[in-house]
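The chains referred to below are lettered A, B, ... by the order of the sequence lines, with proteins before strands, and numbering in each begins at 1.
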2 protein chains.
Amino acid sequence: MIDCKNCLPRHYGLFCALKEQELDILNQYKITQTYRKGDFIFREGENPKGLYCTFSGVVKVFKTTESGKEQILLLSQGSEMVGYRSFFSNEKYHASAQAVSETTLCFIKKEGVQKVFKTSPELSFVFLKKVCEELRQSEEKFTDLVDKTVEQRLAQFLKMIVGNVNCNNQLPLSREEIASIIGARPETVIRVFSDWKKQGFIATKAKSITILNPQFLEQ
Amino acid sequence: MIDCKNCLPRHYGLFCALKEQELDILNQYKITQTYRKGDFIFREGENPKGLYCTFSGVVKVFKTTESGKEQILLLSQGSEMVGYRSFFSNEKYHASAQAVSETTLCFIKKEGVQKVFKTSPELSFVFLKKVCEELRQSEEKFTDLVDKTVEQRLAQFLKMIVGNVNCNNQLPLSREEIASIIGARPETVIRVFSDWKKQGFIATKAKSITILNPQFLEQ
DNA sequence: CGAGCCATTGAGTTGATTCAAATCCCGTGG
DNA sequence: CCACGGGATTTGAATCAACTCAATGGCTCG
């Protein structure tokens, strides 16, 4: 069981401004859970019963499209809140969350969340701001999908990943997952990789991509 | 100048639950403005100075892509809040808002918004919920773009429009704007229309589309 | 060490785009 | 009221990025 007061990643997340007594509430209402690769945190259609907050590991949030493909909506790691969208909008989950690597996270029961929000109402502003930012990102993803090629989107994704996911060039993602994130098919992604390999920009082994020349990502 | 207390569309929007005294604050801090077709409400890059709330007319929110095309992010009408995303996330506008038809809306100054939120803190929950819903919609738009054909997206858009925009089959939108909304090119949209015309589903004249057989939208 | 999954490559198809030309429609001014 | 000009719409033809399907090769894990 992790103590919120000693939770290092917390300081980079939405709960960074909480005071001692509010952390006590969280501690009281939370459960720390560990998931193995492939385990589901929640599934499309279920009712949110609380908030999830990642501690370590990587989680993918995805939905199943009408045509039966898996569309990844976001990757989450390091004190990101997961599943808060449906929680706050009082809907069933519209997407599933699954551990991509071994993941430890905390589940905060609904009553706990409500208590903390009651204690510090300014917290809802923090969340409002956060969701607004995510909305912008989502709109940008849409625009990119219309406007950019698979190659451009892939470069963009790698650039983002290099900075954010603690991966030492070891993405725990399959080609299929990468493709899904940027809205493409695996074969197309592979062809771009293959191109970049020929030009000496990257080296690949299954499940690992080494960026040899980071400059190529700029442009 | 519209009085919030008599504002009919208000009851369908985010401010529907406000009490007398809160409406007084809004009234005190708001300006009612009328825009002609083509007028800008705000532009990409500007700093939000308050909230806009549409009263009548249709507004399009769009951004200019790197390749110089206009990407429409949303249509807004009838007591929708516009421009709140950047307002709450404390960013400059990432998109512009422009009147598509003659539009009347209210501008509520920042201080007014802050006051109302202070008076009724539960309002930030209302907004939080709303933004969460928009986020889901945005994610669905993304998924649709990956998963559906232009024809499907266009049908979906028409279905949505029929219910929402008070248009009596007179969309005040050019083919180019329709295309932008669904993430396609005008020629492609036109070809789909042309197809549907041949099959007797719709009739078109410039700037007007008449749906002859609503059933075809279902499937 | 083999089974099975994942990654890679190849070949063919297609939905959508681009560019250009033709036509339509609408408001304006004579 | 009608002719005119210019923007929007429509059609055509060619091209292309990305997709599909199928076959092969390579890792990985039991």
(request) Measure the distance from CG on A/D144 to P on D/dA18 and round it to the nearest whole Å. (result) 13 Å
(message) Expressed as a whole number of angstroms, how long is the span from A/E177:CD to C/dC6:C1'?
(response) 12 Å
(message) Rounding to an integer number of Å, can you tell me how far A/F193 CZ sits from C/dT9 P?
(response) 12 Å
(message) Using every non-hydrogen atom in the two residues, find where B/C106 and B/T32 come nearest and quote the distance to one decimal.
(response) SG-OG1, 3.5 Å
(message) Between the base of C/dG15 and the side chain of B/R191, is there a donor and acceptor pair under 3.5 angstrom?
(response) no
(message) Under 4.0 Å from OP1 or OP2 of D/dC27: is there any side-chain N or O of A/S208 that close?
(response) no
(message) Heavy atoms from C-beta onward define the side chain here; which of C/dT17, C/dG15, D/dA18 lies closest to that of A/T149?
(response) D/dA18
(message) Just to verify, what does A/Q156 make a side-chain hydrogen bond (donor to acceptor under 3.5 Å, both in side chains) with, not counting sequence neighbours?
(response) A/D144
(request) Scan A/S174 against the nucleic acid and name what it touches under 4.0 Å (heavy atoms): base, sugar-phosphate only, or nothing. (result) sugar-phosphate
(message) For B/T64 and B/K69, which I'm curious about, is there any donor-acceptor pair between the side chains at under 3.5 Å?
(response) no
(message) Less than 4.0 angstrom between a side-chain N/O of A/S194 and OP1 or OP2 of C/dT8, yes or no?
(response) no
(message) To the nearest 10°, give me the bend of the helix from C/dC1-D/dG30 to C/dG30-D/dC1, comparing the axes of its five terminal pairs at either end.
(response) 40°
(message) Distance criterion of 3.5 Å, no angle test: do you see the side chain of B/R185 paired donor-to-acceptor with the base of C/dG15?
(response) no
(message) Rounding to an integer number of Å, can you tell me how far B/E176 CD sits from D/dT9 P?
(response) 8 Å
(request) Please report, rounded to the nearest Å, how far the P atom of D/dT28 is from the CZ atom of A/R175. (result) 12 Å
(request) For A/I190 and D/dC27, give me the distance from atom CD1 to atom C1', rounded to whole Å. (result) 14 Å
